[in-house]
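As the structure is a prediction and not an experimental result, all values here were calculated from the model.
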Amino acid sequence: QVQLAESGGGLVQAGGSLRLSCAASGRTFSTYAMGWFRQAPGKEREFVASISWSGGGTYYADSVKGRFTISRTNAKNTVYLQMNSLKPEDTAVYYCAAYFTVVPGRAPPSAHEYDYWGQGTQVTVSS
């Protein structure tokens with residue numbers, strides 16, 4: 001069992017930055033690929049970014065490529081999402097998720113493959 005807790009959300013103006021954190025507890029964090037997903041009101045949950053358990057593989061949705069950066073510190077059981085140049089369309093609840101895998105570079109973009117989820121943190125970008 002893995003427990004995930006997101007933090008760092010808030011209200012920011014367009015063009016601003018936020019850094020989300022996701023702290024994990026429970027089973028060995030370093031054996032899990034991690035993903036960030038988001039869900040806006042009235043929309044389905046969508047993939048934002050993911051990172052392999054080694055940190056060597058990172059993947060991004062086209063909509064955030066070049067603006068967001070995912071990273072992890074296994075010694076701190078934490079994954080981060082640095083969000084720059086924020087846009088109003090980035091407004092959503094952001095969730096982190098954990099996916100158990102033994103494949104070094106794997107970090108899938110499909111939400112249904114993830115085993116554990118956090119409660120989410122609200123990000124609101126004003127225009």
Side-chain angles (χ1 to χ4, degrees):
Q1 194 78 330
V2 174
Q3 292 80 41
L4 302 173
E6 302 96 336
S7 62
L11 173 65
V12 64
Q13 288 189 330
S17 298
L18 282 174
R19 188 174 85 151
L20 305 183
S21 299
C22 173
S25 60
R27 300 187 64 176
T28 308
F29 178 70
S30 59
T31 59
Y32 286 82
M34 299 297 295
W36 284 98
F37 295 79
R38 65 188 182 187
Q39 188 166 18
K43 295 188 176 181
E44 292 188 354
R45 191 169 297 190
E46 65 173 1
F47 170 74
V48 176
S50 61
I51 187 167
S52 62
W53 56 254
S54 68
T58 56
Y59 309 92
Y60 297 92
D62 288 343
S63 59
V64 307
K65 226 174 257 185
R67 300 188 298 122
F68 291 11
T69 302
I70 190 171
S71 62
R72 66 190 294 162
T73 302
N74 286 346
K76 295 184 177 180
N77 287 2
T78 304
V79 63
Y80 306 95
L81 185 68
Q82 177 67 42
M83 305 186 295
N84 298 328
S85 302
L86 282 160
K87 305 175 181 180
E89 51 264 45
D90 293 318
T91 295
V93 177
Y94 282 70
Y95 299 90
C96 70
Y99 167 74
F100 178 76
T101 178
V102 297
V103 179
R106 180 158 173 76
S110 304
H112 74 271
E113 297 197 60
Y114 284 75
D115 304 298
Y116 302 101
W117 291 82
Q119 293 299 307
T121 185
Q122 176 70 47
V123 171
T124 303
V125 184
S126 63
S127 56

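- A distance of 13.0 Å separates CD in Q13 from OG1 in T124, rounded to the nearest 0.5 Å.
- Taking CG of L20 as the reference point, atom SG of C96 lies at 9.5 Å (rounded to 0.5 Å).
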Do W117 and F37 pass the ring-ring contact (aromatic ring centres under 6.0 Å, His included) test, and can you show the C-alpha distance, the side-chain angles, and the key distance before you say yes or no? CA-CA 10 Å; W117 291 82; F37 295 79; 5.0 Å; yes
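- Residues Y60 and I70 form a side-chain contact, since some pair of their non-hydrogen atoms from C-beta on lies under 4.5 Å apart.
- Contact of the W36 side chain with the I51 side chain is not registered, since no non-hydrogen atoms from C-beta on lie closer than 4.5 Å.
- Closest approach of S127 to A14, counting heavy atoms only: CA-CB, 4.4 Å.
- At least one donor-acceptor pair under 3.5 Å links the side chain of S52 to the backbone N or O of G57.
- Heavy-atom minimum distance, A98 versus Y32: CB-CD2, 3.8 Å.
- When every heavy atom of S50 is checked against every heavy atom of Y114, the shortest pair comes out as CB-OH, 3.6 Å.
- Salt bridge K87/D90: absent, no basic N to carboxylate O contact under 4.0 Å.
- Between the side chain of R38 and the main chain of V123, no donor-acceptor pair closer than 3.5 Å is present.
- Distance check: F29 CZ to T78 OG1 gives 6.5 Å after rounding to the nearest 0.5 Å.
- Between the S54 side chain and the G56 main chain, a donor and an acceptor come within less than 3.5 Å of each other.
- M34 and Y95 end up in different hydrophobic clusters when Ile, Leu, Val, Met, Phe, Trp and Tyr side chains are linked at under 4.5 Å.
- For the pair Q82 and S17, the tightest heavy-atom approach, listed with the atom from each and the gap, is NE2-CB, 4.0 Å.
- Under the 4.5 Å side-chain criterion, counting only non-hydrogen atoms from C-beta, Q1 is in contact with Y116.
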Decide yes or no on side chain to side chain donor-acceptor pair (under 3.5 Å) for R106 and Y99, but give the supporting numbers first. CA-CA 9 Å; R106 180 158 173 76; Y99 167 74; 2.9 Å; yes
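- Among residue pairs with one or both ends in residues 37-80, none qualify as disulfide (SG to SG under 2.5 Å); sequence neighbours excluded.
- Separating the CZ atom in F47 from the CG atom in D62 is a distance of 10.0 Å, to the nearest 0.5 Å.
- Judged by distance alone, the side chain of E6 and the main-chain N or O of G120 form a donor-acceptor pair under 3.5 Å.
- Counting heavy atoms from C-beta outward, F100 and V2 have side chains that stay 4.5 Å or more apart.
- To the nearest 0.5 Å, atom CG of residue L81 and atom OG1 of residue T121 are 11.0 Å apart.
- To the nearest 0.5 Å, atom CH2 of residue W53 and atom OG1 of residue T101 are 8.5 Å apart.
- More than 12 heavy-atom neighbours from other residues, nucleotides or ligands sit within 6.0 angstrom of CD on Q122.
- A cation-pi geometry, defined here as NZ or CZ lying under 6.0 Å from the six-membered ring centre and within 45° of its normal, holds between R19 and Y80.
- Although no hydrogens or angles enter the test, the distance criterion places no donor-acceptor pair under 3.5 Å between the side chain of S85 and the main chain of G15.
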Residue pair F68, L86: steps toward the side chain to side chain contact (heavy atoms under 4.5 Å, CB included) verdict: CA-CA 9 Å; F68 291 11; L86 282 160; 3.8 Å; yes
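- Note on Y94 and L4: same hydrophobic cluster, where clusters join Ile, Leu, Val, Met, Phe, Trp and Tyr whose side-chain heavy atoms are under 4.5 Å apart, directly or indirectly.
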